[in-house]
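See below for the structure under consideration.
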Amino acid sequence: MTEEERIFAGKLFDARTKELRDIKHKTHELCRKYNLMDEYDKARLPIIKEFIGSIGEKYYFQGPIQFNYGTHTFIGNNFFANFNLMIMDDARIYIGDNVMFGPNVSLMATNHPLIAEERTAMKYEDGHVSVSEYADEIHIGNNVWIASNVVILGGVTIGDGSVIGAGSVVTKDIPAGYVAFGSPCKPKRKITEADSKIGIL
C-alpha cells in the first residue's frame, strides 16, 4: 500500500515520505507561481488545472492561494474564491457548483492523533520516526456561500444552498438550506423567501 493509499483508506500516514512530498512540491511551486503573477495575466488561471484534481470550466481564484496536494481537490463549475484561500487537502475535498468563498477561508482535511504516543508511532526501517497524520474528507454541496475567515475541518459535509457566517469554525455537518455560524458552527435557521433581496436589483 502506498502512502497516498493509506490516506484514502483512513489510516495513519507519514506526510514526509518522498512519495507525498513530490506531489506537494509540484503543487506548492505552482501556487507560488500563481501568486506572483498579475491577476490580468491570461496565463494565470490555467495554472490551476496543472495541479487540481478536477475543476469546472468557469472559476476564479483572487489569490494568494495555497493548496497542499491539489490533486485531492475536486471543484464543480462557477467557483469563486476571494483572497488568501488555504486548502489542506490531505484527504479528498469535494466542492459543488456555484460555490463562493470569502477572504481567508481554510479547508483543513488533515489531522494528528490526540494521544501523544500515537503521533510518533510510525517508525521506519531507515530509522526515521514519522509525525503521524490521518485525514477525513470534506464535502461542500452546490450553491454554498462560505463567508470570510471560516475554517472547515475534516469529516464535515455542508449541504446544498447553505451559508456559513463569517468567523465560523465548522466541526460538524450543516444541513442543506441553512444559515449557520459560530465557533463551533451551528445551524441557526432555514433560509426562506423572507431573505430575498431581489427587490434591490
Side-chain angles (χ1 to χ4, degrees), residues 23-110 135-154 156-170 173-174 176-181 185 191 195-201:
I23 299 169
K24 292 185 287 185
H25 180 257
K26 175 186 175 184
T27 297
H28 297 171
E29 285 302 296
L30 287 168
C31 287
R32 185 169 66 87
K33 180 179 178 181
Y34 187 93
N35 294 335
L36 291 172
M37 294 175 74
D38 188 292
E39 62 188 67
Y40 283 167
D41 190 327
K42 291 182 179 179
R44 186 177 185 240
L45 275 179
I47 290 172
I48 300 294
K49 290 193 172 183
E50 294 184 40
F51 65 80
I52 202 81
S54 66
I55 195 165
E57 287 305 308
K58 187 176 179 183
Y59 60 91
Y60 186 76
F61 296 79
Q62 177 62 50
I65 59 171
Q66 188 63 57
F67 286 75
N68 201 23
Y69 288 80
T71 55
H72 298 171
T73 296
F74 306 86
I75 301 175
N77 197 37
N78 197 30
F79 175 77
F80 173 81
N82 215 313
F83 296 101
N84 298 318
L85 174 64
M86 167 75 75
I87 295 190
M88 294 293 290
D89 56 345
D90 293 49
R92 294 184 179 106
I93 293 177
Y94 298 93
I95 299 170
D97 297 332
N98 307 311
V99 172
M100 301 187 303
F101 286 179
N104 303 309
V105 167
S106 297
L107 307 186
M108 308 302 288
T110 189
D136 295 312
E137 293 180 353
I138 293 173
H139 294 256
I140 297 173
N142 299 319
N143 304 303
V144 171
W145 170 27
I146 310 294
S148 61
N149 297 300
V150 169
V151 178
I152 300 172
L153 302 186
V156 164
T157 294
I158 297 175
D160 293 349
S162 283
V163 175
I164 309 299
S168 297
V169 178
V170 189
D173 293 353
I174 303 298
Y178 269 78
V179 173
F181 54 87
C185 185
I191 298 169
D195 294 304
S196 176
K197 300 297 181 190
I198 198 73
I200 63 174
L201 278 176

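Index from 1, following the sequence. Only a predicted model underlies this, so the values are computations on that prediction, with no experimental measurement involved.
- At least one side-chain heavy atom of Ile158 sits less than 4.5 Å from a side-chain heavy atom of Ile164.
- With rounding to the nearest 0.5 Å, the separation of CZ in Phe79 from CZ in Phe101 is 4.5 Å.
- Residues forming a salt bridge (Lys or Arg N to Asp or Glu O under 4.0 Å) with Lys49 (at least two apart in sequence, or on another chain): Glu57.
- When the side-chain contact (heavy atoms from CB on, under 4.5 Å) test is applied to Tyr60, the partners found at least two apart in sequence or on another chain are Glu39, Arg44, Leu45, Gln62, Phe80.
- Taking the six-membered ring where tryptophan is involved, the planes of Tyr94 and Phe74 are essentially parallel, since the angle between them stays under 30° and well short of 60°.
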Evaluate Met108 against Val151 for side-chain contact (heavy atoms from CB on, under 4.5 Å), listing each step before the verdict.
CA-CA 7 Å; Met108 308 302 288; Val151 178; 3.9 Å; yes
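- Between His72 and Tyr69, the ring-plane angle classifies as parallel under the 30° and 60° cut-offs.
- Residues Ile75 and Phe61 meet the side-chain proximity criterion, which asks for heavy atoms closer than 4.5 Å.
- For the atom pair Ile174 CD1 and Cys185 SG, the distance stands at 4.0 Å (nearest 0.5 Å).
- Checked against Thr73 for a side chain to side chain donor-acceptor pair (under 3.5 Å), the options Asp89, Thr27, Asn68 give a single hit: Asp89.
- Counting heavy atoms from C-beta outward, Val105 and Ser148 have side chains that stay 4.5 Å or more apart.
- Between atom CD of residue Gln66 and atom CZ of residue Arg32 there is a gap of 10.5 Å, rounded to the nearest 0.5 Å.
- Side chains of Asn98 and Asn78: a donor-acceptor N/O pair is present below 3.5 angstrom, by distance only.
- Between Ile47 and Met37 there is a side-chain heavy-atom pair separated by less than 4.5 Å.
- To the nearest 0.5 Å, atom CG of residue Asn35 and atom CD1 of residue Ile65 are 5.5 Å apart.
- Enclosure of atom CZ in Phe181 is not indicated, since only 12 or fewer non-hydrogen atoms of other residues, nucleotides or ligands lie within 6.0 angstrom.
- The heavy-atom pair separating Phe67 from Cys31 by the smallest distance is N-SG, 3.5 Å.
- Looking only at side-chain heavy atoms (C-beta outward), Leu107 and Ile95 come within less than 4.5 Å of each other.
- Looking at every heavy atom in both residues, Ala91 comes nearest to Glu137 through CB-N, 3.7 Å.
- When all heavy atoms of Ile191 and Val179 are compared, the pair lying nearest together is CG1-CG2, 3.6 Å.
- The backbone N or O of Thr157 sits less than 3.5 Å from a side-chain atom of Asp173, completing a donor-acceptor pair.
- Note that NZ of Lys26 is 15.5 Å distant from NZ of Lys24, once rounded to the nearest 0.5 Å.
- Ala147 and Ala166 get closest at one heavy-atom pair: CB-N, 3.5 Å.
- Looking at Asn143 and Asp160, their side chains never bring a donor and an acceptor atom within 3.5 Å of each other.
- Under a 3.5 Å cut-off, the side chain of Asn142 and the backbone N or O of Gly161 do not form any donor-acceptor pair.
- For the pair Ser162 (side chain) and Gly177 (backbone), a donor-acceptor distance under 3.5 Å is present.
- For the side chain to side chain contact (heavy atoms under 4.5 Å, CB included) criterion with Ile138, the lone passing option out of Val170, Ile87, Ile152 is Ile152.
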